[in-house]
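The model shown is predicted, which means the values in this text are computed figures rather than measured ones. The sequence lines fix the lettering, A, B, ..., with proteins before strands; numbering per chain opens at 1.
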Amino acid sequence: MFSDFIEELSWRGLIQHKIDGLEERLSEKMAVGYIGFDPTANSLHVGSLLPIMVLVRFQRAGHKPIAIVGGGTGMIGDPSGKTAERQLLDSQTLQKNVEGLKNQLYKYLDFENGENKAELLNNIDWLGKLSMIDFLRDVGKYFRVNVMLTKDSVKKRIESEVGISFTEFTYQILQAYDFEYLYRTKNCILQMGATDQWGNITAGTDYIRYKHGSEGRVFGLTFPLVTKADGTKFGKSEKGNVWLDPNLTTPYQFYQFWLRCDDNTAPKFLRYYTLLDKQKIEQLEQEHAQAPHLRILQHALADEITTFVHGKDALNLARKTTKALFSKNLEEAFAGLSDEEINLILSGADSITISREQLQTGLSILDAIVLSGLKQSKGDARKLIQSNGFSVNKLKWTQPNDVLTEKHLLQNKFIMLQSGKSDIVVLKTE
RNA sequence: GGGAAGAUAGCCAAGUGGCCAACGGCAACAGACUGUAAAUCUGUCCUCUUCGGAGUUCGUAGGUUCGAAUCCUACUCUUCCCA
């Protein structure tokens, strides 16, 4: 039962590097493996979803996952993939971020049941106790500077204009120490991470081998950094980062993010981020090829991931809201719905609330656009209208000097403001 | 310690006394075509605006000039060469 983890990752295209022998070791018996999460923000965003899914698959394959939040290493800053020295966070912010990450990870892994229940640890608990002298005597002795210099993350920074501080240079030792600590105390034999972590991971496996000799047979595995087919940065919407916290990115916005995925990237993301099996994904691809305009892959992607991250109820609401807002005929879409149903559907959308009196006296359309956040100034709002990019209740609005009044209300309740094709804000009245 | 080159908008980068809110590219936003996709073509793209304009930018601070991103001085930072 332990054997299919590597095979699974492999067909999903999730293996970039791995240390030989891992597959055999995993098939023998339950293994303990870990991934570290960086507390640079107080919520995880979609970029962290891939490591989470890898841990989830690891646990589903019968192994025991450990998630580390980097309360200690976060104080230092990982130079991997960074062109400039990291701005250090103060310990209060860091502490808050660590708590935020913990709460989210509890949602995705099973921390309750079975021999392979997940664990969550904060590396400040052991790194914080390490004294300077102990560190240099017991840990630093095992690291050769010439080897450390060859790591990509260090090499790139040394060659760059900004260089690298001693602090960040030592980062790999701390991460290696984490791995060794987990090996020693939790019998953890595998560290996983994105491709840019390979140097840090091998620093750990080398360290364990030196320190524990032939007993120290441990493994590393990396998965690709997420990219999109068009080369643009993954994980940003027009409003910024896409977060996993529903208070920062609503389930509707989250659902929409995946729904807008392009055709070339969708098959990859289905493999990366969903628990659908190979057969199902290939079937979806065939259906998609038959009728691409139905966007079958995008719907499957958005449905699966939104359910996983926010749950079935949130998905249903996001779908209902999407269906209502993107319907061609609004009157029809809302006809026959009760007040409660309408309120529920609108509660999922981005919205602003204004007073009834403002509509009675007439609300300038430019003000409305700025209030809604669709554009940040009246000048921008005017340009939007002039370029034919603004609609009210799905009808193009061409007069920048006109006003919104009660006659624009749908169901006597709300007005739909839309910039471009997909950015919709609902204006509600009190 | 000595010398040389450089710093321009979110990023890259041209401009070396007036024609400069500053060529071009990327990213971003909007339109057309589509499928809330990609590609392509078009428009916008320092800030605000009552769309008439107004205000603030070319490392920082001064200066020369009717006029400075452009010339001068000092300072800060970066890169390279020599010791």
Problem - Residue list, side-chain hydrogen bond (donor to acceptor under 3.5 Å, both in side chains) with A:Thr202, at least two apart or on another chain - result: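 Once residues adjacent in sequence are excluded, the partners of A:Thr202 under the side-chain hydrogen bond (donor to acceptor under 3.5 Å, both in side chains) criterion are A:Lys151.
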Exercise for the section: Using the test side-chain hydrogen bond (donor to acceptor under 3.5 Å, both in side chains), find all partners of A:Gln172 that sit at least two apart in sequence or belong to another chain. Expected result: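 For A:Gln172 there are no side-chain hydrogen bond (donor to acceptor under 3.5 Å, both in side chains) partners, ignoring immediate neighbours.
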Handout entry: A:Gln376 vs A:Lys383, nearer the 5' end of RNA chain B by closest nucleotide
Key =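 So the residue in question is A:Lys383.
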Handout entry: Gap between atoms CG and C1', on A:Leu301 and B:A37 respectively (whole Å)
Key =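 After rounding, the gap between these two atoms is 12 Å.
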Practice task
Step by step, work out the side chain to side chain donor-acceptor pair (under 3.5 Å) result for A:Trp198 and A:Asp152.
Solution key: CA-CA 9 Å; A:Trp198 183 241; A:Asp152 231 32; over 6 Å; no
Problem - Salt bridge present between A:Glu406 and A:Arg356 (N-O < 4.0 angstrom) - result: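 Looking at A:Glu406 and A:Arg356, the cut-off is met.
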Exercise for the section: Before accepting this row, confirm whether a basic side-chain N of the pair A:Arg319/A:Asp303 lies closer than 4.0 Å to the acidic partner's carboxylate O. Expected result: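 Between A:Asp303 and A:Arg319 there is a salt bridge, with a charged N closer than 4.0 Å to a carboxylate O.
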What protein N or O atoms touch nucleotides 50-56 of chain B N or O atoms at under 3.5 angstrom, if any, and at what distances?
unit_1: B:C51; atom_1: N4; unit_2: A:Arg382; atom_2: NE; d: 3.0

Practice task
Pull up the glycosidic torsion of B:G52 and say syn or anti, syn being anything within 90° of 0.
Solution key: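 Syn conformation here, the glycosidic angle of B:G52 being no more than 90° from 0.
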Handout entry: Counterpart residues, side-chain contact (heavy atoms from CB on, under 4.5 Å), relative to A:Arg271 (two or more places apart)
Key =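 Only A:Trp11, A:Arg12, A:Pro267, A:Ile281, A:Glu282, A:Glu285 meet the side-chain contact (heavy atoms from CB on, under 4.5 Å) criterion with A:Arg271.
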Problem - Canonical and wobble pairing (Watson-Crick, G-U, under 3.5 Å) of RNA chain B, dot-bracket with | - result: ((((((((.[[[..)..(.....]]].(((((.......))))).(((....)))...[[[[[..)....]]]]]))))))).
Between [N] and [M], how many Å separate the two [atom1] atoms, rounded to a whole number?
N: B:U64; M: B:C48; atom1: C1'; answer: 33 Å
N: B:G25; M: B:G17; atom1: P; answer: 25 Å
N: B:G24; M: B:U42; atom1: P; answer: 13 Å
N: B:G59; M: B:A69; atom1: P; answer: 10 Å
N: B:C75; M: B:G67; atom1: C1'; answer: 26 Å
N: B:A9; M: B:C46; atom1: P; answer: 13 Å
N: B:C20; M: B:C66; atom1: P; answer: 23 Å
N: B:C80; M: B:A74; atom1: C1'; answer: 24 Å

Exercise for the section: Provide the closest heavy-atom pair for A:Ile415 versus A:His408 in the form atom of the first, atom of the second, distance. Expected result: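 What the structure gives for the nearest pair is CG1-O, 3.6 Å.
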Practice task
Produce a footprint string for nucleotides 30-36 of chain B: one letter per nucleotide, 5' end first; B if the base is under 4.0 Å from any protein heavy atom, S if only the sugar-phosphate is, - if neither.
Solution key: SS-BBBB
Practice task
Report yes or no: do A:Asp263 and A:His288 form a side-chain donor-acceptor pair below 3.5 Å?
Solution key: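 Present: a donor and an acceptor within the cut-off.
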Handout entry: A:Gln197 side chain to A:Asn200 side chain, donor-acceptor N/O pair below 3.5 angstrom
Key =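 Looking only at side-chain atoms, A:Asn200 and A:Gln197 do form a donor-acceptor pair, the distance falling under 3.5 Å.
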Practice task
Verify whether the ring centers belonging to A:Tyr210 and A:Tyr142 lie closer than 6.0 Å.
Solution key: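 Ring-ring flag for A:Tyr210/A:Tyr142: false, centres at least 6.0 Å apart.
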Exercise for the section: May I have the step-by-step check of side chain to side chain donor-acceptor pair (under 3.5 Å) for A:Ser10 and A:Glu7, ending in yes or no? Expected result: CA-CA 5 Å; A:Ser10 177; A:Glu7 198 192 320; over 6 Å; no
Problem - Phosphate-side-chain proximity, A:Ser377 and B:U49, N/O vs OP1/OP2 below 4.0 Å - result: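 Yes.
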Handout entry: Chi angles and distances behind the side chain to side chain donor-acceptor pair (under 3.5 Å) call for A:Gln411, A:Asp339
Key = CA-CA 9 Å; A:Gln411 307 289 321; A:Asp339 272 11; over 6 Å; no
